[in-house]
There are 2 protein chains.
Amino acid sequence: MQNWEQVLSGSGHRVTGSRRAVAEVLADAEGPLSHQTVLERGRALHPELGLVTVYRTLDLFAELGLTRKVHREDGCSNCMPSSAGHHHALLCTKCGAAVEFPCTDDIAELVAKVESTTDFEVHSHLLQLSGVCSECKAKVGP
Amino acid sequence: MQNWEQVLSGSGHRVTGSRRAVAEVLADAEGPLSHQTVLERGRALHPELGLVTVYRTLDLFAELGLTRKVHREDGCSNCMPSSAGHHHALLCTKCGAAVEFPCTDDIAELVAKVESTTDFEVHSHLLQLSGVCSECKAKVGP
DNA sequence: GTCGCTGCAAACGCTTTGCATCCTT
DNA sequence: AAGGATGCAAAGCGTTTGCAGCGAC
């Protein structure tokens, strides 16, 4: 996410104030952000930012692999910055925090089993875990 | 899905023509269905069926565990009938077919690893596989 | 100077709500 | 008879599109 400017210009797109604002908001995000939240935070950095541009910029970033889309109960189209490699998201249901974890061999094993059982050829998988983070676990105590 | 009438009346709800139509459409579904598709097919069985009722009925069925919600690229709120036990969905990207497969120990292992790595307490997981089913694989060949 | 990018406003589509009526219980 | 269920119409939201002006290259 720190080399987004190179990714953008390298793929023939322009580096603008709006995109810089969105990129910074995402870089500082502690979890998945809705378009509306990106807009509100982005306006602190670039007051003339519009919601339409947030949609277009987030689409573009996702297309370039700079962000990852996250599904939540309350909506399908939240975004979080993505790091290299194949990762999955783990969300805290209490505070909304999200972390990534790398894809493990366990998934590969499961996919192999399912392929032999169903005769499908599996191309991709969507995995998300939900739970309570360490901080929220502590808060619940006596 | 065949005992939906008992589940409904057992939980204090009524068995009506609209709900029967929706239930039959779901029972015959070869894959995940959108609300609109449920409406169209349901009207063949119960012509006065309305879209609003489809929404309410699908919500109710999901609440009672009779159906499972499925996430797809083109939308978040499709439904398919659900069977007993913890299952996940496998979707064919060519023909839209969907099958279920049971949750395996591989997931439990992965969850254990992630919990020790992140210090989260994982409560639930969302897993969906996408690929090509055996029939569509055959079609592609020479 | 060119052409992509932006923001506003309007259009759009999906989902929910209000309400009078119907029908299961 | 009572109250949940239904369907229509309208409201409500989030998302996309059209267009004229602006700004990166």
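A quick note: this is a predicted structure, and the numbers were derived from the prediction, not measured.
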Protein and nucleotides 8-13 of chain D: nitrogen or oxygen contacts under 3.5 angstrom:
none

Just how far, in rounded Å, is [atom2] of [N] from [atom1] of [X]?
{"X": "E63(A)", "N": "dC5(C)", "atom1": "CD", "atom2": "P", "result": "11 Å"}
{"X": "L58(A)", "N": "dT15(D)", "atom1": "CG", "atom2": "P", "result": "10 Å"}
{"X": "Y55(A)", "N": "dC5(C)", "atom1": "OH", "atom2": "P", "result": "20 Å"}
{"X": "L39(A)", "N": "dT16(D)", "atom1": "CG", "atom2": "C1'", "result": "16 Å"}
{"X": "D59(A)", "N": "dT6(C)", "atom1": "CG", "atom2": "P", "result": "12 Å"}
{"X": "E40(A)", "N": "dG14(D)", "atom1": "CD", "atom2": "P", "result": "11 Å"}

Original post:
In residues 9-19 of chain B, which residues come under 4.0 Å of DNA chain C by heavy atom?
Top reply: R14(B), V15(B)
Subject >> Nearest atoms (heavy-atom pairs only) where A21(B) meets H46(B) >> reply: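 In this case the closest contact between A21(B) and H46(B) is CB-CB, 3.6 Å.
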Taking side chain to side chain donor-acceptor pair (under 3.5 Å) as the test, write out the residues that go with [X], two or more places apart.
{"X": "T118(B)", "value": "none"}
{"X": "T16(A)", "value": "none"}
{"X": "S116(A)", "value": "none"}

Original post:
Could you give all pairs that pass the salt bridge (charged side-chain N to carboxylate O under 4.0 Å, His left out) test and reach residues 106-115 of chain B, with sequence neighbours left out?
Top reply: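 Matches after skipping sequence neighbours: D106(A)-K113(B), K113(A)-D106(B).
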Subject >> Separation of S18(B) OG from E48(B) CD (nearest 0.5 Å) >> reply: 7.0 Å
Original post:
Charged N to carboxylate O below 4.0 Å: is that the case for E5(B) and R20(B)?
Top reply: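 Counted as a salt bridge, because a side-chain N and a carboxylate O are separated by less than 4.0 Å.
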Original post:
Relative to the ring of H35(A), is the ring of Y55(A) parallel (under 30°), tilted (30 to 60°) or perpendicular (over 60°)?
Top reply: parallel
